[in-house]
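Order of the sequence lines fixes the chain letters, A, B, ..., with proteins taken first and strands second; residue numbering starts at 1 for each chain.
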Amino acid sequence: MGKEVIKVDHVSMKFNLSREKIDSMKEYFIKFMRREIKYDEFWALKDINFSMQKGERLGILGLNGAGKSTLLKVIAGVFKPTEGSVTRHGVIAPMLELGAGFDMQYTGAENIFLYGALLGYRREFIEEKYDEIVAFSELGKFIDVPLKNYSSGMRARLGFAIATVVEPDILILDEVLSVGDAKFRRKSERKVMDMFDTGVTVLFVSHALEQIERLCNKAMILEHGQMIAYGDIAEVAAKYREIVS
Amino acid sequence: MRARMKDFFRYRYLLWELVKKGIKLKYRRSYLGILWSLVEPLLTMIVLTVVFGTLFGHDEKSFAVYVLSGRLLYTFFSQSTNAALRSIRGNSGMIKKVYVPKYLYPLSGVLFNYVIFLLSLVVLVAVSLALGVMPSVYTFQAIVPLLLLLVFSFGVGMILATVGVFFRDMEYLWGVILMLVMYTCAIFYYPERLLNSGKKGWLLKLNPLYCLIACFRDAVFGRAMNPKMLLFAGGSSLVVLVVGVWVFYKKQDEFILHI
């Protein structure tokens with residue numbers, strides 16, 4: 001057994017879904033005075049508990065709205081859990097909806113530096129890896145064109161290229177291996193496989209069960225925010241097949 | 001506290017990139033580019049001087065310097081607070097995906113406007129020299145109101161950034177409030193009559209921005225600053241900063257649920 005890198009300790013996440021959207025101050029005051037503000041509480045995650053050792057690759061399965069992406073965001077630190085805590089050790093490379101931090105008016109080259117800084121890379125590091133990023137994204141001369149003129153595939157490719165240029169300890173993948181065309185998909189899967197060899201810890205969300213079976217050695221199933229199965233990939237995958245069919 | 005400092009150090013590249021982005025994008029695709037930060041205040045100064053100079057009969061040459069100095073400080077305040085107000089919603093794409101300290105967004109909004117503001121001070125220097133308002137030892141005092149202005153704007157910006165997340169109306173309301181601030185800043189009129197009338201003088205004196213502008217003008221025109229005004233401006237800047245940072249830290253974990 002290796003060293004513990006992620007510990008998710010009794011994590012619950014509550015969202016308040018306001019029944020009617022209160023967005024203006026007047027409305028808020030009126031409703032506040034009349035004590036009419038009601039929320040539908042919605043627990044996206046309920047009491048999730050697990051820990052991961054270095055080098056483990058965990059696939060997260062579940063239907064739409066099961067809380068998979070919320071869990072990844074809690075682990076990445078974007079959401080603060082309502083209850084419980086998450087401890088992480090090491091550099092995290094979050095790949096959640098690639099390229100969402102991009103600025104549309106900026107060119108590809110400028111976005112490399114902006115996005116790199118957002119992920120916490122040092123400027124010299126980005127300069128050093130710049131050519132590698134451009135080459136991997138296959139953008140060629142489009143790198144000097146503002147991003148608003150990119151296709152969504154091009155944006156995702158650039159996002160993937162920037163996010164994978166580091167050597168992280170923890171890699172968080174949310175459906176990202178389905179970006180771009182078949183050729184790029186193969187290439188990105190190979191790149192992620194290369195990262196696996198360095199002993200990275202992986203959290204992976206995908207709807208493609210075969211992909212998870214191929215890439216992960218552990219899996220969990222989420223249903224309505226609760227963890228209903230956790231263990232080795234083979235048995236969890238079998239259970240998931242039962243649920244889906 | 002130590003961890004905070006380490007955090008700040010770690011994210012200085014991002015802060016720098018965000019500031020750079022603000023400056024670069026502000027004038028992108030315009031022919032004059034960054035030169036607009038000089039041309040725009042110069043043109044507004046001419047308009048204001050012509051209109052109010054003739055209207056109120058201020059035909060002395062230094063009136064242009066008076067108008068320009070007030071207008072520059074006010075413009076920075078209004079643009080930086082507006083940038084901070086929109087910073088959380090405007091960067092929601094980043095906030096939802098990657099964790100970085102959230103104060104970086106309003107801070108960069110204020111800072112990039114400050115850089116543009118400092119640049120446009122060149123116009124003030126040029127106009128002052130051209131119209132015979134010469135520098136003196138008092139000119140160095142200017143650094144005090146200029147620093148306080150940054151603190152004050154950042155404090156107000158942090159409050160607005162927080163409020164702006166929960167109430168979108170603030171974006172419109174703030175525009176109206178800014179108008180009130182502008183008219184009580186004595187940008188294009190001399191405040192003496194109002195101040196000496198005794199009754200409505202408080203309208204100006206209670207406006208920290210007016211006090212900052214008055215102190216700055218003292219420096220520009222080579223006079224000692226009014227210590228009362230300086231104290232009030234400094235005190236309110238500090239209070240606003242503390243309140244702003246406190247409110248922001250108290251509420252920042254909820255931002256993500258509302259954007």
Contact list (residues 128-136 of chain A to chain B, heavy-atom gap under 4.5 Å, by number) returns none
Of all heavy-atom pairs linking B/T81 and B/L160, the shortest is CB-CD1, 3.8 Å
Whatever's closer than 4.5 Å to a heavy atom in chain A on B/I95 counts as backbone
Those residues at least two apart in sequence (or on a different chain) that pass side chain to side chain contact (heavy atoms under 4.5 Å, CB included) with B/K24 are A/Y106, A/E110, B/K20, B/R28
Taking atom types as modelled and ignoring hydrogens, do the side chains of A/T201 and A/E56 form a donor-acceptor contact shorter than 3.5 angstrom? no
Whatever's closer than 4.5 Å to a heavy atom in chain A on B/V100 counts as side chain
Check: Which word best sums up how the rings of B/F77 and B/F152 line up, parallel for under 30°, tilted for 30 to 60°, or perpendicular for over 60°?
Finding: parallel
* Please say whether more than 12 non-hydrogen atoms of neighbouring residues, nucleotides or ligands are located less than 6.0 Å from OH in B/Y189. => yes
Check: Between B/R71 and B/T75, is a side-chain hydrogen bond (donor to acceptor under 3.5 Å, both in side chains) present by the stated rule, with each step listed?
Finding: CA-CA 6 Å; B/R71 161 86 199 175; B/T75 308; 3.3 Å; yes
Honestly, the part of A/F15 sitting under 4.5 Å from a heavy atom of chain B is side chain
### Message
Within the 3.5 Å criterion, strictly below it, is a donor on A/D47 or A/S12 matched to an acceptor on the partner's side chain?
### Response
no
For a ring pair (Phe, Tyr, Trp, His ring centres under 6.0 Å) check, start with the C-alpha distance between B/F154 and B/Y114, then their side-chain angles and the critical distance, and finish with the verdict. CA-CA 10 Å; B/F154 178 58; B/Y114 199 63; over 10 Å; no
Taking a cut-off of under 4.5 angstrom between non-hydrogen atoms, the residues of residues 63-76 of chain A near chain B are A/K73, A/A76
- Measure the shortest side-chain to side-chain distance between A/L222 and A/L61 over non-hydrogen atoms and say whether it is less than 4.5 angstrom. no
- prompt: Can you say whether the rings of A/Y121 and A/F125 are parallel (under 30°), tilted (30 to 60°) or perpendicular (over 60°)?
  reply: perpendicular
Those residues at least two apart in sequence (or on a different chain) that pass side chain to side chain donor-acceptor pair (under 3.5 Å) with A/Q105 are none
Pair count under 4.5 Å, heavy atoms only, with chain A: among B/E254, B/K96, B/K21, B/R29, highest is B/K21
